[in-house]
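Before any comments, here is the structure.
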Amino acid sequence: MDDCGETGICPVKVTKMFILGIESSCDDTSAAVVRDGYILSSVIASQDVHRQYGGVVPELASRAHQQNIVPVVDAALKQAGVERKDVHAVAFTRGPGLLGSLLVGVSFAKGFALATGAKLIEVNHLHAHVLSNFLREEGREKELPRFPFLCLLVSGGHTQIIVMRNFLDMEIIGQTIDDAAGEAFDKCAKVMGLPYPGGPVIDRHAAEGNPEAFRFGKPNVAGLDYSFSGLKTSFLYTLRDKCREDPRFVEQHLTDLCASLQRTIVEILMHKLEKAIRETGITEIAIAGGVAANSGLRDALVALARQRQWKAFLPERRFTTDNAAMIALAGYFKLLNNLFSGQDVVPTAG
Ligand code: KG4
Ligand code: ZN
């Protein structure tokens, strides 16, 4: 298995093969094309329909995927200048995710493979998030993590510390025992009356607020595991008590509440990440997943890495949340190892 050697620039195996990626695990329908590890196109259709419900409604998500998938794939192929018959393999998210949503992507991929003769490659959504750190465009080279590296994977459904030993070998050494970090952002945002998804909204308000204004409870969990349910409760109780005294409390302190909450979540995340670095001795650190777009987390990791002389890797913001470019790229590394799926493959929720 190739790694990135001393230079940090991974050798590219020239296969000249186009891989179509399909992502439909939650509420984003996405398609992308990569060739030899480089992105040629990436198209994402987000589903606004969930906003009015304050969270993802699974039935509505699968219906929207059905409506979006054909135009999204067409747009990705067109942007890449690739015809259907030239696609060598179609990589798709098999799971984890919402079953009804996954089913749309998996069925589309199987149909595409049958119709065009392309090979099928199943991809684990979490693995793909980690590999988003290797996404790059031709002519825009960047330094990439070298193996082994640690990845803090923080999304709406997962919070994990992972050791990556090569492109296909990942070991989870810590994870949340209850809510995910993204869930903590989203649930606290909901309590403040902010729209879904709350993470990016809190991030924007936090930039204007004082992170020292409020203190919220932090977990005390053994090992490298995380917990966010206590923070959520502590946040909820603070708001309940303050709003009793002043019903306009949230409105008047919104930016300080967001800044203090974000600071607490980032501190919780960084505390265990630092512990993992101490315990493993691995000092190449990447982040991935939707919460990796968070300004507070990105700044904290870069600052600490500079101070301790670690190497920090941040995926571009557009590749932190769900996207098919990361699925196609994970498909590329599986293709190099001849890891293909059959027409009998089915989605897995967990
Ligand atoms: O990776 P992702 O798109 O979907 C899952 O696989 O879960 O992550 C979505 C999560 C949501 O919880 C969203 O609020 C959070 O990522 N998120 C953010 C930011 N952008 C997205 N959280 C904090 N700050 C952000 N800037
Ligand atoms: Zn995701």
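Every heavy atom of this structure was used, including side-chain atoms; hydrogens, water molecules and symmetry mates were not. Every number for a ligand or one of its atoms is a count from 1 in the order of the listing.
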Face-on cation placement of Arg240 at Tyr237 ring, 6.0 Å and 45° thresholds: yes

Ring center gap for Phe92 and Phe340 short of 6.0 angstrom: no

Nearest-neighbour protein heavy atom for atom 22 (N) of ligand 1, which is reported as residue plus atom name and distance: Gly199 CA, 3.4 Å

For Ala293, atoms of ligand 1 separated by under 4.0 Å from a heavy atom: 20 (N), 26 (N)

Listed partners of Lys190 passing side chain to side chain contact (heavy atoms under 4.5 Å, CB included), at least two apart: none

His125 contact mode with ligand 1 (heavy-atom cut-off under 4.0 Å): side chain

Asp28 and Ser46 side chains, donor-acceptor separation under 3.5 Å: yes

Contact atoms of ligand 1, heavy-atom distance to Gly182 under 4.0 Å: 12 (O)

Check: Phe134 ring centre within less than 6.0 Å of Phe167 ring centre: yes

Per-residue contact class, Asn294 against ligand 1 - non-hydrogen pairs under 4.0 Å: both

Connected-component partners of Val43 among ILVMFWY, side-chain separation under 4.5 Å: Val72

Residue and atom names of protein N/O/S atoms that fall under 2.8 Å from the Zn ion (ligand 2): His125 NE2, His129 NE2, Asp322 OD1

Between Ser341 and Glu122, a side-chain donor and acceptor under 3.5 Å: yes

Option passing side-chain contact (heavy atoms from CB on, under 4.5 Å) with His125 (candidates Glu23, Arg94, His158): Glu23

No-hydrogen, no-angle side-chain donor-acceptor test under 3.5 Å, His65 and Thr29: yes

Partner set under ring-ring contact (aromatic ring centres under 6.0 Å, His included) for His205, not counting sequence neighbours: none

Atom 17 (N) of ligand 1: nearest protein contact (heavy atom, Å): Gly290 O, 3.5 Å

Part of Asp203 within contact of ligand 1 (heavy atoms, under 4.0 Å): side chain

Residue Gly157 vicinity, atoms of ligand 1 by number, heavy atom under 4.0 Å: 7 (O)

Region of Gln262 that comes within reach of ligand 1 [heavy atoms, distance under 4.0 Å]: neither

Contact check: Ser295 vs ligand 1, nitrogen or oxygen atoms, below 3.5 angstrom: no

